[in-house]
Amino acid sequence: MTLTLTRTHWFSIAAVVLALLFAGAATVASAGGDGHSGGHGGTAGAAAGSADAGFARDMAVHHQQAVEMSFIVRDRTQDEEVRRLAYDIANTQANQRGMLLGWLDLWGLPKVDPGAEPMAWMAHGDGGHAAHGAQRPGTGAVMPGMATRAELDRLAKASGKQAEVLFLQLMTDHHKGGVAMAEGCADLCTVSQEKALAQGMADAQQSEMDLMADLLRKRGAAPRA
């Protein structure tokens with residue numbers, strides 16, 4: 001489908017671009033002060049097969065879909081509460097994604113590792129987080145909570161209340177998976193800035209899930225089982 005680029009939509013895109021630029025600067029500043037030495041110019045380091053690297057790669061992909069869904073729903077509804085939430089999610093997660101990809105650059109690691117299965121880094125622990133964040137069987141979802149292509153297509157074709165409810169349900173699932181991943185990094189990652197960012201993600205997304213549950217109730221709906 002063709003999405004109409006309104007002035008608000010362009011402002012949203014500009015805000016996300018600025019967030020990525022600021023995130024890059026913050027990445028350099030934060031990674032440079034870590035106590036770990038990874039052999040990459042004195043910045044914080046992470047090994048190629050570490051939980052730190054795996055989380056950075058996987059959460060960058062996870063965040064990208066949240067940004068995509070947020071932009072879709074902003075063009076499918078005029079409800080200010082949902083549009084404001086979508087803007088906040090897009091802005092925050094684009095910023096965080098920039099930080100994660102920036103760390104991979106600083107560590108001298110590729111942003112994509114074709115030899116690694118998604119979520120393999122969570123096997124470094126006892127598997128508890130992976131169990132809570134597992135994707136729904138048979139959906140074709142790549143990582144915990146991620147929407148399928150068919151679900152994204154449904155969102156892009158919906159409008160008004162239908163789009164609002166579907167977005168809130170999909171994003172709640174997305175956040176559940178994101179929280180499981182972030183809590184996994186908070187336990188398994190070794191770079192202190194990344195652990196702190198992961199814990200902040202988990203706390204913020206849990207708070208947003210509470211808000212989304214309230215928005216769903218107002219629309220006579222509920223999160224999916």
Side-chain angles (χ1 to χ4, degrees), residues 1 16 51 53-76 82 85-101 104 111-123 125 127-158 163-186 188-189 197-198 200-209 211-213 215-216 221-225:
M1 63 170 291
V16 171
F55 173 75
R57 292 189 185 101
D58 285 350
M59 189 57 89
V61 173
H62 208 264
H63 273 17
Q64 180 59 35
Q65 188 183 78
V67 172
E68 179 184 358
M69 287 196 294
S70 297
F71 277 134
I72 290 173
V73 81
R74 280 179 61 84
D75 286 324
R76 305 307 300 160
V82 173
L85 172 65
Y87 172 81
D88 289 344
I89 290 173
N91 194 46
T92 298
Q93 297 209 13
N95 188 317
Q96 292 172 347
R97 184 173 185 271
M99 294 183 72
L100 295 168
L101 295 177
L104 289 168
K111 295 182 178 68
V112 178
D113 182 1
E117 290 291 325
M119 309 305 299
W121 59 274
M122 292 190 81
H129 295 295
H132 290 295
Q135 56 265 51
R136 300 185 307 281
T139 63
V142 178
M143 278 184 277
M146 287 187 71
T148 65
R149 189 70 253 170
E151 288 171 330
L152 293 177
D153 289 343
R154 281 176 54 207
L155 179 61
K157 293 173 183 175
E164 295 158 21
V165 169
L166 182 55
F167 168 75
L168 293 167
Q169 290 174 333
L170 291 175
M171 192 60 77
T172 296
D173 289 348
H174 203 273
H175 274 21
K176 285 179 182 177
V179 168
M181 292 168 67
E183 288 179 342
C185 178
L188 301 172
C189 292
L197 177 65
M201 286 179 186
D203 294 343
Q205 291 191 29
Q206 185 60 59
S207 178
E208 286 178 342
M209 280 194 286
L211 171 60
M212 289 190 285
L215 292 174
L216 282 167
R224 300 191 297 187

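FYI, the numbering just counts along the sequence from 1. Treat the numbers as computed from the prediction; the structure is a model and nothing was measured.
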I'd like to know if the side chain of [X] reaches the main chain of [Y], judged simply by a donor and an acceptor atom lying under 3.5 Å from each other, with no hydrogens or angles considered.
X	Y	answer
E183	A202	no
D58	M119	yes
R76	A158	yes

Identified side chain to side chain donor-acceptor pair (under 3.5 Å) partner of H63 from the options E68, H174, Q96 =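 Going through the options one by one, the only one that passes is Q96.
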Straight-line distance of [X] [atom1] to [Y] [atom2], nearest 0.5 Å:
X	Y	atom1	atom2	result
T92	Q205	OG1	CD	9.5 Å
L155	E164	CG	CD	11.0 Å
L166	R154	CG	CZ	5.0 Å
W121	M181	CH2	CE	5.5 Å
K111	L100	NZ	CG	11.5 Å
M209	D173	CE	CG	10.0 Å

For a quick test of reading the model, state the closest non-hydrogen atom pair linking [X] to [Y] and the distance between them.
X	Y	result
V73	A163	CG2-O, 3.9 Å
M171	S70	CE-OG, 3.7 Å
Q169	L216	CG-CD2, 4.0 Å
V82	F167	CG1-CD2, 4.1 Å
A86	R74	CB-CG, 3.6 Å
I72	A156	CG2-CA, 3.8 Å

Should [X] and [Y] count as side-chain neighbours, where that means a heavy-atom distance under 4.5 Å?
X	Y	value
I89	H175	yes
L152	Q65	yes
L170	E151	yes
R224	K176	no
R57	V61	no
L104	L101	yes

